[in-house]
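Numbered from 1 within each chain, the chains take letters A, B, ... in sequence-line order.
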Amino acid sequence: MIDFIAIVLIVTGIGFFAVGSIGLLRLPDLHSRLHALTKADNLGLGLVTLGTALLAGSLATAIKLLLIWLLVLAASAASANLIARHALERGDER
Amino acid sequence: MNALLWTLLDLLLAAMLLGLGWAAVATRDLKRGVALFIAFGLLLALAWARLRAPDLALAEAAIGAGLAGALLLAALRDEPRHEKLAAAHSRAGLWTLNLLSVLLAVVVAWALLCALEMGEGLRLAGAVTDHIGQSGVSNPVTAVLLNFRAYDTLLELAVILSAVLGVLALGPARRGYGLPGPVLGGLIRWLVPLLIVTAGYLLWVGAHAPGGAFQAGATLAAAAVLLRLGGVDRAGLPAAAVSRWLLAAGLLVFLGVGLSLAGLGYGFLQYPAGLAGGLILVIESAATLSIAVALALAYVGGWSRSGSTQPDSTQGGSH
Amino acid sequence: MLPAEIIFGLTGVGLFTLGLRATLLHGSLLARILAINVCGAGVFLMFVSIAYQGAAAMPVPDPVPHALVLTGIVVAVSATALALALGRRLRESADE
Amino acid sequence: MNNLLIWPVALPLIGSLLALVWPRRADWAGIGASVAALAVAGLVAADVMRHDSLELAIGGWTPGLGIALRADGLSAALLLMSSLVALATAIYATNYFTDAHKRADFWPLWLLLITALHALLLSGDLFNIYVTLELLGLAAVALAALGRTRAALQAAVRYLTVGLLGSLAFLTGVGLVYAAYGTLDMSTLAGQVRAEPAAWVALALMTSGLLIKSALFPMHFWLPSAHANAPAPVSAALSALVVKAAFYLVLRLWLDVFDVALGPAAAGMLGVLGAFAVIWGSWKAFRAERLKLLAAYSTVAQIGYLFVFLPVLLASAPGAARDLVFGALVLFALTHGFAKSAFFLGAGVVLQRAGHDRIAELGGTARALPVTTFGLALAGIALIGLPPSGTFLAKWQLMASAIEVGQWLWIPVIAAGSLLAGAYVFRVLGHAFGPGEGVGPALAWARQELPALLLAVVATAVLGLGAVHVWSFVVPGLAIGGIQP
């Protein structure tokens, strides 16, 4: 049962990644691309880590996975902010 | 079914590696090339994980893609964005080059397949397993790096040192970056301590799990890179005189341990039974500091321009 | 099925040659450095593939090539740092 | 446990670290480490003379799992030569760099270069050799760029990229060897290699990497600019020692490790490339307008001779006949090491005093700098191969053996190369002894003029007159009476 839930979570997470990647390629301007990428990746990664945490079987591993997700969240928020700010300063919105 | 799936995944990963590698070197747009190269490095880390080399996956992510990427990105600031091809390549020349490359690939591939067929099962893995009990650590890669082939690692520290001394001899650092915005500043404020803790963890855990001096040193250096990106010109490095000692520390301790053992009647770098683990940790700790300072100095690109850090000064400035 | 060491070993050979070709082809230093790094990555992949051979039957793959590649990665980044510093100086000397 | 073999590596490395942390005392660290390294090189040579060969299994692990250092006649002779040249050059360097910062930059890198050379000469492990090659390469590039002129930087960049490609080719070969034979230890490997694809391709890859590094024609293109634009002490070491280190490895691989996998055609090919190098390098040296460029092209030619020795060596019957050629080869390499370093140091003195090294404007040099000019002339004698230099005996033996094995082809090459060498050396001397005020007033400047002279004397007189000892040192069993040059 746990295996099944984990697999569903992971597959959903991968779906978010896929949507995010399509968004990165297809959306018209930088801000919406960033939007697609960060939202999808953070949620996608969250679901994948949740799924793998269920499969991990030990609390310590699950906490490590959670930490990884938090780190990625912070890093992607910061880098998205940097990219957006850089684009704003340069007036390059494409 | 399972084996087929693995093969398909392997083929996919291999194809992506080749594709990204090709794209990174084929593009005329250097910025793009560097970005693709960093992605290539991360994919390579995945390949190391797939081939059950977690020590390498860590090192690749931290050093191969991470620090090399940071160095390349910093270099992009000074380079023109597009490059011209080398001396005008004639069509015939290009075809000759292509033909020779294919020929080389075929010959090396043939030799590799022959060699793989010949060598199965008679390499050094067995010898490492037999002697790991006496090595003082239980992570086999650390055992090879710091005990069985410690001499390689000693010289490798010298390689890093020579590269950094070469960088330092070329003149002062490039100018630093402006002040960071609130988001980056905030990130740096809590990421830097975290990286320092992580480095300590990697160093400690290297004895029995993936990690060790190189990964730890690279993690510390990453903290320095972040600091510099955040507007700290000297990237948290101490004054030049202290930095020189830190640069030398890894080799001094390594040689010191090795030669003292020789003086005590053991062989050079022949750890006495029971002391191996402790001595390896001492060597690795010093090496971590040296590697971190070396990589950070290489990123900064020389002694900082700001005031008191010229080689001859002994006074440390502070931030 | 095709063993992983063969797939990745041949990929390594491919990366080695395409990096080599690109190094000879490119004019700008930065592009050459990228190419040399790709070339080196190919060699490292060969080593790790060799280590992986027969790993299914062992608790861990052969650690010796892993240690060698770790050394190689560090050497590669050192060389990259020196090359980039030389390139920067060269550019400055052109501007002066 | 004999730890002697680690000291030629450890001492320069310690010196380098001391020079790094005490930049103001760097001169002392440099000279001290050089003297100490020479002393232990002497001890190693003495031990080799007693025991024929030495081995140190580092960490006490059996070679294979661990790394072994080894010394025999060949490596001990080169070790002694390189530490002597290094000491003379270091003494010269104490007076060469006037800027304190340059000096502080120079010494640690210089001592790392010596560390790498000694480590390379003593290493018995293929991957360890790769690490020493990279250390040697990076230190050499950093030193070559020390002048920071545009020409030097351009040459250094090219030197670095070419060197890295060479190292990667070498490393690929090492990977194949490990895959096929499961060991990296050269003496273990020697017993296992057979004539088969993996061995051929591995040897081909390693050799091509080393040929790039030893600048064999047509891969010599990077050498002249790198050697000619480096600071004089660096040029001396690069030309006399670093290039030769790569050749030494070719020799080791071909003679000791892969000899069973070789066909005679392979050595012939290297010999032909060597012959081209002799002619082309000598011609370019003859046409060179600057003294240091002349010396650099002369290195291309002299490396060519070393490769011409290979086919003759491998065609000679094992035993006394082959030992004679082998001794001549080592003698040639040693003599060139001393002569070329002397030549570069002499050229450095001229360059510093005159502010240029244009050959056509060297008039008056002999009057202003008699010691240096005499040194240049002595070094020139060794470069041409006139008696009593070691080169004379070596070339004589090479030609005699070539005739013996029926390889007549090399005779005209050697003759033409020597003629051209005579032409370029006497062109320099002709200008130097000519009238003119090209060089400033005469001053006693012993620390800079004497090292070159001493090195030249070793090349011309000591090695020539003591050649018999070189032979008996590198091939212990050889009957001395057999040598009648």
Side-chain angles (χ1 to χ4, degrees), chain B residues 107-108 110-125 127-128 130-131 144 147-156 158-163 165-171 241 244-245 247-249 251-252 255 258-259 261-263 265-271 310-312, chain D residues 1 3 6 10 13-14 16-17 20-21 23-24 56-62 64-67 69 100-102 104-106 108-109 112-113 115-116 119 125 127-128 131-132 134-135 138-139 141-143 145-146 148 172 175-183 196-198 200-202 204-205:
Chain B
V107 170
V108 177
W110 171 58
L112 179 67
L113 293 180
C114 291
L116 282 173
E117 200 170 314
M118 288 165 61
E120 184 154 21
L122 50 75
R123 301 199 191 103
L124 292 173
V128 173
D130 290 347
H131 294 93
V144 175
N147 198 336
F148 305 137
R149 297 184 66 92
Y151 179 59
D152 270 349
T153 309
L154 175 81
L155 289 181
E156 182 190 356
V159 172
I160 305 178
L161 182 64
S162 69
L165 292 178
V167 172
L168 293 174
L170 283 168
R244 284 165 176 272
W245 274 100
L247 272 182
L251 277 165
L252 277 176
L255 266 180
L259 294 175
L261 290 173
Y266 300 90
F268 175 71
L269 280 174
Q270 185 175 14
Y271 310 120
Q310 282 303 306
D312 274 349
Chain D
M1 179 57 64
N3 285 310
I6 195 61
L13 188 52
I14 293 171
S16 165
L17 297 172
L20 170 66
V21 296
R24 288 177 201 185
L56 165 62
I58 293 179
W61 305 108
T62 25
L65 177 62
I67 297 169
L69 299 186
H101 289 293
K102 277 264 160 66
D105 289 336
F106 167 78
L109 281 167
L112 281 174
L113 185 85
T115 306
D125 181 282
F127 185 81
N128 185 250
V131 182
T132 64
E134 291 284 29
L135 180 57
L138 292 190
V141 166
L143 285 166
L146 219 51
R148 285 202 221 166
T172 313
L176 288 178
V177 165
Y178 185 71
Y181 302 105
T183 186
E196 54 200 342
W200 293 327
V201 178
L205 283 167

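The shortest heavy-atom contact between B:S162 and D:L109 is O-CD2, 3.6 Å. For the pair D:L20 and B:R244, the tightest heavy-atom approach, listed with the atom from each and the gap, is O-NH1, 2.7 Å.
In this structure, the side chain of B:R149 does not engage the main chain of D:L65 through any donor-acceptor pair within 3.5 Å. Between the side chain of D:N3 and the backbone N or O of B:G267, no donor-acceptor pair lies under 3.5 Å.
If you measure heavy-atom distances from D:I67 to chain B, the contacts under 4.5 Å come from both the backbone and the side chain. Looking at D:Y178, the atoms closer than 4.5 Å to chain B (heavy atoms on both sides) sit in the backbone and in the side chain alike. When heavy atoms are compared at a cutoff of 4.5 Å, D:I58 approaches chain B by way of both its backbone and its side chain. There is no contact between B:I160 and chain D, counting heavy-atom distances below 4.5 Å. Interface remark: D:L146 contributes side-chain atoms only to the contact with chain B (heavy atom separation under 4.5 Å). For D:L69, the part lying under 4.5 angstrom from a heavy atom of chain B is the side chain only. Of the two parts of D:L205, only the side chain, counted from C-beta on, holds a non-hydrogen atom closer than 4.5 Å to a non-hydrogen atom of chain B.
Contact count against chain D (heavy-atom pairs under 4.5 Å) is highest for B:G171 among B:A150, B:C114, B:G171. Counting heavy-atom pairs under 4.5 Å between each of B:A163, B:A158, B:G258 and chain D puts B:A158 at the top. With respect to chain D, the highest number of heavy-atom pairs below 4.5 Å among B:L165, B:L269, B:V107 belongs to B:L165. For the options B:V128, B:L113, B:N147, B:V144, heavy-atom pairs under 4.5 Å to chain D are most numerous at B:N147.
Using a 4.5 Å heavy-atom threshold, the side chains of D:Y181 and B:M118 count as touching. No side-chain heavy atom of D:V131 sits less than 4.5 Å from a side-chain heavy atom of B:Y151.
Summarising the geometry, atom CG belonging to B:L252 is positioned 8.5 Å from atom CD1 belonging to D:I14; distances are rounded to the nearest 0.5 Å. Here the CD atom belonging to B:E156 is positioned 13.0 Å from the OG1 atom belonging to D:T132, to the nearest 0.5 angstrom. Taking CG of B:L255 as the reference point, atom CG of D:L17 lies at 6.5 Å (rounded to 0.5 Å).
The side-chain hydrogen bond (donor to acceptor under 3.5 Å, both in side chains) test applied to D:N128 returns B:D152, D:S123, not counting sequence neighbours. Residues passing the side-chain hydrogen bond (donor to acceptor under 3.5 Å, both in side chains) test with D:W200: none are found, sequence neighbours excluded.
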